[in-house]
J.: 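My structure is below; once you've seen it, I'll send some questions.
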2 protein chains.
Amino acid sequence: MKKRITLADVASAAGVSLMTVSRAINNKPGVGEDMRLAIVKLAEELGYQPNQIARSLATNFTTTVGLVVPDNTNPFFAQIARGVEDTAYKQNYNIFLVNTGENPAREQAALDSLWQKGVDGLILCSSRLPGESLEIEFSRFPAVVLINRELKDPVAHAITINVDDRRGAHRAIKYFREQGRQHIAYIDGPATSLSAKRRLEGYQSALEEAGIGFEPDLVECCAPDTEGGRIATASLIARAPKIDAIYCFNDLVAVGAIQMVRESGKKVPEDIAIIGVDDIPLATIIRPQITTLHVNLRHIGRLAMRTLLDVIEGGSSATAIQIEPVLVVRESA
Amino acid sequence: MKKRITLADVASAAGVSLMTVSRAINNKPGVGEDMRLAIVKLAEELGYQPNQIARSLATNFTTTVGLVVPDNTNPFFAQIARGVEDTAYKQNYNIFLVNTGENPAREQAALDSLWQKGVDGLILCSSRLPGESLEIEFSRFPAVVLINRELKDPVAHAITINVDDRRGAHRAIKYFREQGRQHIAYIDGPATSLSAKRRLEGYQSALEEAGIGFEPDLVECCAPDTEGGRIATASLIARAPKIDAIYCFNDLVAVGAIQMVRESGKKVPEDIAIIGVDDIPLATIIRPQITTLHVNLRHIGRLAMRTLLDVIEGGSSATAIQIEPVLVVRESA
DNA sequence: CTGCCCGACGTTAGCGCTAACTTATTGTAT
DNA sequence: ATACAATAAGTTAGCGCTAACGTCGGGCAG
C-alpha cells in the first residue's frame, strides 16, 4: 500500500504554504492565477488526492448520502437506486446503500450508522418506521427525501415523493369503461401495503364516478406474486362468473391472472381484459403482452437525488411530489 | 438540526477525562468495570453517537467498503450486492455502491472517489479496467475482491471470485448426452463477454470429451436477451435442422429459443431440449419451466464480503475462488 | 508623498477522536 | 516496611484539512 500524499507534501514541493495549495485545489479566491495553475499541475504530477475524511471533519460536509431501501434486489428499488446513483455521481456524491429487509430495528440501526458517518442527506424508501421515529430522524439529518410514504404535516427539509396510485387505478378503470367493460374486478395486494390501500381507493372512486356501484365481491386480496394472482383469479371467477375485466395489484399478479383465466377456458382480452402495474420486463415477454401502468422509477431516483441536493443547499423547493403513472396499452386489455 | 454530542460533552458530564470515556465506549482496557458501565449508561442517556469521521481520521479505518458494479439494476449484481450488504451490516460496515455503466472512465473515477473516502476495501464486479490499471488499484487499496474477472498472476491482498462457467457448460452438455441428444447447439452471448468465452470453452471440451466433434455451424452468437435468442434459434434451425438440444447463454435467451422452437412447429423438450443459465425468476414462471444452471449469487456476495474482511484483518486465505453452478432440472430439458 | 484598500499569501487554531506516553493508586511479594 | 508490578486514570500530540484572521506590498486617489 503506497503512502498517501498530503497537502503538506504538495506544499513543500511547491515551496508555498499549506493554505495556498488548499485554495488552489479548491478553486477558492486568494491565489494568483499562474500560481494556481502551477500548483494544480504539480499536485497532479505527485498524484495528490484529497483526503475526504479530513476535509469532512473540517467542513462538516461529506458529499455522501444514505439510501435506505427494504431490498435492493427488488427491481422497484433497484431502478430507483440506479437513478439516485446516476445523479449522485454527476455531482461527485457517493451513496451508502443500506437494506432493511422490512425490519424496523435494522432500519433504525442503519439510520444510526449513517448518522455516525455524517451523511449530508438521506433518501428513505418505503420506511416501516412509526411516524414519531421519523420525526426524530428529520430533526437530526440535514435533509431527507421520503419515497413511497406520506406525511401528515409538512416538515422542514423533508420532502416526500409518491407514486399517485389512486390516479393510476382511476386511469385503468376508466380505460376498462371506455372499452365497454361492465364487471370490473380488482385483485389487491397485502392489506398492510400503503400502495394497496391507495389503489383500492382509486378503484372505488373510479367505479362510483362511472355510476357503477362498488361491489366488495369483486375485490380479492392476495400475495403480490404469480401464484397469488392465480389463486385470487380462481376464486373471483368462481364467485362472480360475469366479470369481464381485472385490475391487478402488479404485473406478477397479472401473469397469474392471465394463466388462470385461460385455464378456465376464457380468452384474454376478449372475455376478460387484464391490466397490471409496474411494467416489469416480463410484461413484454409473455403473450399476451401485459397492458400495465408504467412509472419511470429511474427518473424518480434521479428526481429524489436532485431534490435532496436542493434541500442540502438550502433551496428547499416543493414539499410533496406526486408522480403520475402512465397507462401502456399492449395486448391484455 | 440538533447539536451533536461529543466525547467531551460526555466526559464533562461524567466528570472524567476524554480518554476514559473513549476507552469505556470502545471496550478497551484501562477503565474500571463499574466506571465503564456508568459511562456507557450516561452516554446512552445523553444520546451520544460517536463521530465516525473523527474516528476514521485518527485510526485510518472507516468500517466502510466500496462495491463497484456495472449496473445495480441487473439482477445478477443486485443479488450480489444484497449478499455483500447483508454481511457488511452484521459486521457494522457500510457499503458505498457505485455503478460504472460499463464505462471504464466512470469506473476509474469511482475508484478515485472511493479511495479519497478512505474505504477499507473494495469489491469490484466485472471490471472493465485494463490489467495494468487494476494493478495500480491493488497497490493503493488495502484489500480488493474481484468478482467475475481473472488475474494472470496472484496478487497480495487481492482475491478473485469467479463462477466456473467452463464446468457449468460441461455439466449441461453432459446432461444432454446422458439423455441421448446427438446434435447439441450453443447460443453464445456477446463475443466481448468473459463468461461467454468460458462457456464456449466448456461446451467445446465437453463435446470433445464425449467423442463428438465440435461443429462451428452449431454455434451462434447473439444479444443476451429474449429477442437475441429468437433470432439465433431461427438461424440455427434453418442451418442445421437436425439439432435436438440447445445450450443457451442465459435464461432470457432460452425463453427466446423456446418461443422460436415452438413457432417452427417443434416441441420442447421432446424435439429440442433447452438449458439456460442464471435461474432467473422467470425460469419458473413460463411454461415449460426452464432447466438451468443455478448459482447462489447472494451467497457469492456474502462470501466476497467475508473474504474481504479476512484480507483487511490480515488473514488472507485463498487467492482465487471458483463457484460451481448447479444444474436445476425442470421441464425444458 | 501619504494614507488606504485590496489581492496574494502565511499563520494559527481547531474539527472529534485515538495512540502513546505520563502519573496516581492499589495490591503483593520480600 | 520497601520495592515493584499492575491497574486506572489523565495529558499530550496529531490524523489532514479548512475557517478565520494576520501580514505584506503595490496601486491609486488626494
Side-chain angles (χ1 to χ4, degrees), chain A residues 1-40 42-43 46-64 92 115-120 140 142, chain B residues 1-40 42-43 46-64 92 115-120 140 142:
Chain A
M1 224 173 39
K2 235 175 289 181
K3 226 203 99 216
R4 227 183 161 114
I5 291 166
T6 71
L7 262 195
D9 296 330
V10 180
S12 70
V16 296
S17 84
L18 265 180
M19 275 314 290
T20 306
V21 180
S22 172
R23 285 190 266 252
I25 285 176
N26 294 302
N27 267 305
K28 297 221 167 161
V31 209
E33 201 46 41
D34 35 358
M35 172 107 270
R36 152 169 295 136
L37 289 171
I39 289 177
V40 168
L42 180 62
L46 293 178
Y48 170 73
Q49 308 244 135
N51 181 331
Q52 277 289 353
I53 296 177
R55 187 178 277 179
S56 298
L57 188 60
T59 61
N60 230 338
F61 285 97
T62 54
T63 57
T64 287
N92 277 305
W115 159 248
Q116 291 176 192
K117 299 235 158 117
V119 296
D120 295 338
R140 62 174 183 171
Chain B
M1 221 170 44
K2 236 174 290 182
K3 226 204 99 219
R4 216 172 175 128
I5 290 167
T6 71
L7 261 196
D9 296 330
V10 181
S12 70
V16 298
S17 83
L18 263 180
M19 274 315 290
T20 305
V21 180
S22 171
R23 284 189 267 251
I25 285 176
N26 294 302
N27 268 306
K28 296 222 167 159
V31 210
E33 201 47 40
D34 36 357
M35 170 110 270
R36 153 169 295 137
L37 289 171
I39 289 178
V40 167
L42 179 62
L46 294 177
Y48 170 73
Q49 308 244 136
N51 181 331
Q52 276 290 353
I53 296 177
R55 189 178 276 178
S56 298
L57 187 60
T59 61
N60 231 337
F61 285 97
T62 55
T63 56
T64 287
N92 278 305
W115 159 247
Q116 290 176 190
K117 298 237 159 113
V119 295
D120 295 338
R140 64 174 182 170

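In what follows, chains are A, B, ... by sequence order, proteins preceding strands, each numbered from 1. Remember, predicted model here, so these are calculated numbers, not experimental data.
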J.: Sequence neighbours left out, what passes side chain to side chain contact (heavy atoms under 4.5 Å, CB included) with S56(A)? Give chain and number order.
T.: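 Partners of S56(A) by the side chain to side chain contact (heavy atoms under 4.5 Å, CB included) criterion, ordered by chain and then number, come out as Q52(A), T62(A), I53(B).
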
J.: Check whether T59(A) reaches the backbone of R55(A) with its side chain - one donor and one acceptor, N or O, closer than 3.5 Å.
T.: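 It does hold such a pair.
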
J.: Would V21(B) and Y48(B) count as a side-chain contact (heavy atoms from CB on, under 4.5 Å) here? Give the steps.
T.: CA-CA 11 Å; V21(B) 180; Y48(B) 170 73; 5.9 Å; no

J.: Could you state the interatomic distance from CG (N92(B)) to OG1 (T64(B)), rounded to the nearest 0.5 Å?
T.: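 Here the rounded value is 11.0 Å.
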
J.: Return the CG to CD1 distance between N51(B) and I5(B), rounded to the nearest 0.5 Å.
T.: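 The CG atom of N51(B) sits 12.5 Å away from the CD1 atom of I5(B).
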
J.: List for me each residue that meets side chain to side chain contact (heavy atoms under 4.5 Å, CB included) alongside A38(B), sequence neighbours excluded, and say none if there are none.
T.: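 A38(B): no side chain to side chain contact (heavy atoms under 4.5 Å, CB included) contacts found.
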
J.: So which protein nitrogen or oxygen atoms get under 3.5 Å of nucleotides 5-8 of chain C's nitrogens or oxygens?
T.:
none

J.: Specify the residues of residues 49-60 of chain A, ordered by number, for which at least one heavy atom lies under 4.0 angstrom from an atom of DNA chain C.
T.: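 L57(A), A58(A), in order of number.
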
J.: For a side-chain contact (heavy atoms from CB on, under 4.5 Å) check, start with the C-alpha distance between T6(B) and D9(B), then their side-chain angles and the critical distance, and finish with the verdict.
T.: CA-CA 5 Å; T6(B) 71; D9(B) 296 330; 3.5 Å; yes

J.: Can you name the nearest heavy-atom pair linking V40(B) to A24(B), along with the distance?
T.: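 Shortest heavy-atom separation between V40(B) and A24(B) comes out as CG2-O, 4.1 Å.
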
J.: Name all residues meeting the side chain to side chain contact (heavy atoms under 4.5 Å, CB included) criterion together with A58(B); count only those two or more places apart in sequence or in a different chain, and write none if there are none.
T.: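 Listed in chain order: nothing, the list is empty.
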
J.: Nearest whole angstrom, please: distance from the P of dC21(C) to the CG of L18(B).
T.: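 In whole Å, dC21(C) P lies 19 Å from L18(B) CG.
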
J.: So which pairs with a foot in residues 17-34 of chain B pass salt bridge (charged side-chain N to carboxylate O under 4.0 Å, His left out), sequence neighbours left out?
T.: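 Found E33(B)-R36(B).
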
J.: Around atom CG of N60(A), are there more than 12 heavy atoms from other residues, nucleotides or ligands closer than 6.0 Å?
T.: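 No.
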
J.: With sequence neighbours left out, what residues match S12(B) under side chain to side chain contact (heavy atoms under 4.5 Å, CB included)?
T.: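 Expected list: none.
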
J.: Taking for each residue the nucleotide of DNA chain D with the nearest heavy atom, is it S17(B) or Y48(A) whose nucleotide lies nearer the 5' end?
T.: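 Closest to the 5' end, via its nearest nucleotide, is S17(B).
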
J.: Within less than 4.0 Å of OP1 or OP2 of dC17(D), is there a side-chain N or O belonging to S22(A)?
T.: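 So the side-chain polar atoms of S22(A) never come under 4.0 Å of the phosphate oxygens OP1 or OP2 of dC17(D).
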
J.: For N26(A) and dT18(D), give me the distance from atom CG to atom C1', rounded to whole Å.
T.: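 That distance rounds to 8 Å.
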
J.: Going from CZ on R140(B) to CH2 on W115(B), what distance comes out if it is rounded to the nearest 0.5 angstrom?
T.: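 It is 6.5 Å, given to the nearest 0.5 Å.
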
J.: Nearest whole angstrom, please: distance from the P of dG16(C) to the NZ of K117(A).
T.: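 These atoms are roughly 18 Å apart.
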
J.: Tabulate protein N/O versus nucleotide N/O from nucleotides 20-22 of chain D, keeping only pairs under 3.5 Å, one per line.
T.:
none

J.: Which residues in residues 5-15 of chain A have a heavy atom closer than 4.0 Å to any atom of DNA chain C?
T.: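 Those residues: none at all.
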
J.: Defining pairs by Watson-Crick or G-U wobble geometry with both distances under 3.5 Å, how would you list the stems of DNA chain C with at least three pairs each?
T.: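 Stems for DNA chain C, defined as runs of 3 or more consecutive pairs: C:1-30 with D:1-30.
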
J.: Might you point out which heavy atoms bring A8(B) and L18(B) nearest each other, and give the distance in Å?
T.: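 So the minimum-distance heavy-atom pair works out to N-CD2, 3.6 Å.
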
